[in-house]
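Order of the sequence lines sets the chain letters (A, B, ...), proteins ahead of strands, with each chain counted from 1. For clarity, every value in this text was computed on a predicted model and none was experimentally measured.
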Protein chains: 2
Amino acid sequence: MRLPKDHSSLHCHDCPDKSCAAALLNDREIDLIFKNRNISEVRKRTNILNEGSPVSHVIYLRSGLVKEYRIRSDNQEQILQIVKPHSYLGMTSLFGDKFNHYSYESLTDLKLCYIDSDIFISLVRNNGNFAFEILTSVERDSTNNFHRFINQGNKKIYSRVADILIYFSRIVFSSKKLQIPLTRSELAEMAGTSRESIGRVITKFKSEGIIKTSGKNITINDIKKLENISKFG
Amino acid sequence: MRLPKDHSSLHCHDCPDKSCAAALLNDREIDLIFKNRNISEVRKRTNILNEGSPVSHVIYLRSGLVKEYRIRSDNQEQILQIVKPHSYLGMTSLFGDKFNHYSYESLTDLKLCYIDSDIFISLVRNNGNFAFEILTSVERDSTNNFHRFINQGNKKIYSRVADILIYFSRIVFSSKKLQIPLTRSELAEMAGTSRESIGRVITKFKSEGIIKTSGKNITINDIKKLENISKFG
DNA sequence: GTATTTATGTGATGCGCATCACATAACTCC
DNA sequence: GGAGTTATGTGATGCGCATCACATAAATAC
């Protein structure tokens, strides 16, 4: 299907990157969004949202990868998750105190839709099925992230690195060929370790034939072994 | 206001422990709940819900304290939060895969309301304002818990114990006199450390005059100092 | 009230990994 | 293409705290 290059002329109705929840909106509701949304294209390594900034829009990620992070009390960054396409940025803040809890930065080139948050909330309030779908998807993401962190706490370095690789394979790329757009330091910020430890473990996994690296790309040869390490260390 | 001892005869409409969200339901909707709910009184240290069990009801905690926990891959318990009155147990599972993600055990004597989950979901789907309120409260709890864990990861033992004491003071009891119904081992399961470390730090805080203990009760003398330790170690 | 069980405190030991320093590789900018 | 910056790899060091063992205190069961 041929798409016009300038997506801003494309009606939300015909958007190829539409979210599941949007499918539950009727024509009038979709029109409302269409009239109150902005499309944006963003380059890699660009700041999108800052922790502490007020929530004015719901941001729908149509394509690309985004890192969600926070600054810890020791002034180090802590990466919370990699946001994939067809997700919303900062959604948890929309239903809270109206300030963004985390920061977002593009890891690749992106396509975003900004939807006015008051419009979005009025849709939630007026369409119970849409609300339910939003509730369900927000809850699923929250639970998955929460589970990752509560699982991380008592793990030693090998399990943590295995976890990260499995995360990219299972959740982000759905593939064993990983094109991870993160430095070793960033992987460390995600795993809760140091960049030196990340390097040592990756070198070890390579020497054991569990993975293969080529530049930034990692190929998982033995995911069973990784899962075992994830569980038992 | 005098209450009948047998609360099962009390209409949900007149419940003194009603949730904020319930206030958004109309008479017909409240009637629906009333006809599809069970009241239960539970003794301390009683199992309420098991991880992995199917979600059949929404459980509203009218009074008492509950610990929410999970079993880690090393077969140790990990306490995720202390659930306070006027909260729902296992709500995040309701919108997910329909199986309880965590286990719940009473820490004190409880009063619970069991609400049929299908009825609850239909209320969410049909009443956008109620859905919004549920979404908001679930999101707030999720975010607070998530924040606690992502904050915990890089903290050393003194900060972790300070965090736990502040949590009980600010979130659970809203007081500086803490009647914590947990053993040292359970505090360790919450803080992510060992019971010996918990004991050593509490002894240290006592010797520094930051807290005072009397049996299981802890009184916080210097919460500013605790907050400082929480932040900087 | 006593026996048994559980909770707690304490000291000693050693492991895991962060940190530091430095060298090399890769990338970016001009 | 070269200079400068950033990313990465590696070795050495020492700190923080879990673990273990054991003794004592407190709670529970009969």
Rounded to whole Å, CZ of Arg195(A) lies from C1' of dT6(D) at a distance of 11 Å
Does a side-chain N or O from Arg184(A) land closer than 4.0 Å to OP1 or OP2 of dG9(D), or not? yes
Does a donor on one side chain sit under 3.5 Å from an acceptor on the other, for Arg148(A) and Asn145(A)? yes
Interatomic distance, Lys216(B) NZ vs dT6(C) C1' [rounded to whole Å]: 11 Å
Compare all side-chain heavy atoms of Asn50(A) with those of Asn100(A) and state whether any distance is below 4.5 angstrom. no
Distance check needed: dT8(D) P versus Asn217(A) CG, whole Å only. 13 Å
Has the side chain of Arg200(B) got a donor or acceptor that lies under 3.5 Å from a partner of the other kind on the base of dT19(D)? yes
Using atom NZ of Lys155(B) as one end and atom P of dA18(D) as the other, report the distance to the nearest whole Å. 16 Å
Please state whether the phosphate of dA18(D), meaning OP1 or OP2, lies under 4.0 angstrom from any side-chain nitrogen or oxygen of Ser197(B). yes
Using a strict cut-off of less than 4.0 Å between a Lys/Arg side-chain nitrogen and an Asp/Glu carboxylate oxygen, indicate whether Arg45(B) and Glu186(B) qualify as a salt bridge. yes
Please confirm whether Tyr60(B) and Phe120(B) have ring centers closer than 6.0 angstrom. no
Please report, rounded to the nearest Å, how far the P atom of dA25(D) is from the CD1 atom of Ile202(B). 19 Å
Mind telling me whether His57(B) and Tyr114(B) have parallel, tilted or perpendicular rings, with 30° and 60° as the class edges? perpendicular
Between atom CD in Glu189(B) and atom P in dT8(C), what is the gap in whole Å? 12 Å
Does Thr183(A) reach a base, just sugar-phosphate, or nothing at all? Heavy atoms under 4.0 Å. sugar-phosphate
Lys204(B) NZ to dG16(D) C1': how many Å, rounded? 14 Å
Whole-Å distance, Ile198(A) CD1 to dG16(C) P, equals 18 Å
Distance check: side-chain N/O of Thr203(A) vs OP1/OP2 of dT10(D), anything under 4.0 Å? yes
On the side chain of Glu196(A), is there an atom forming a donor-acceptor pair with the base of dC20(C) - under 3.5 Å, no angle test? yes
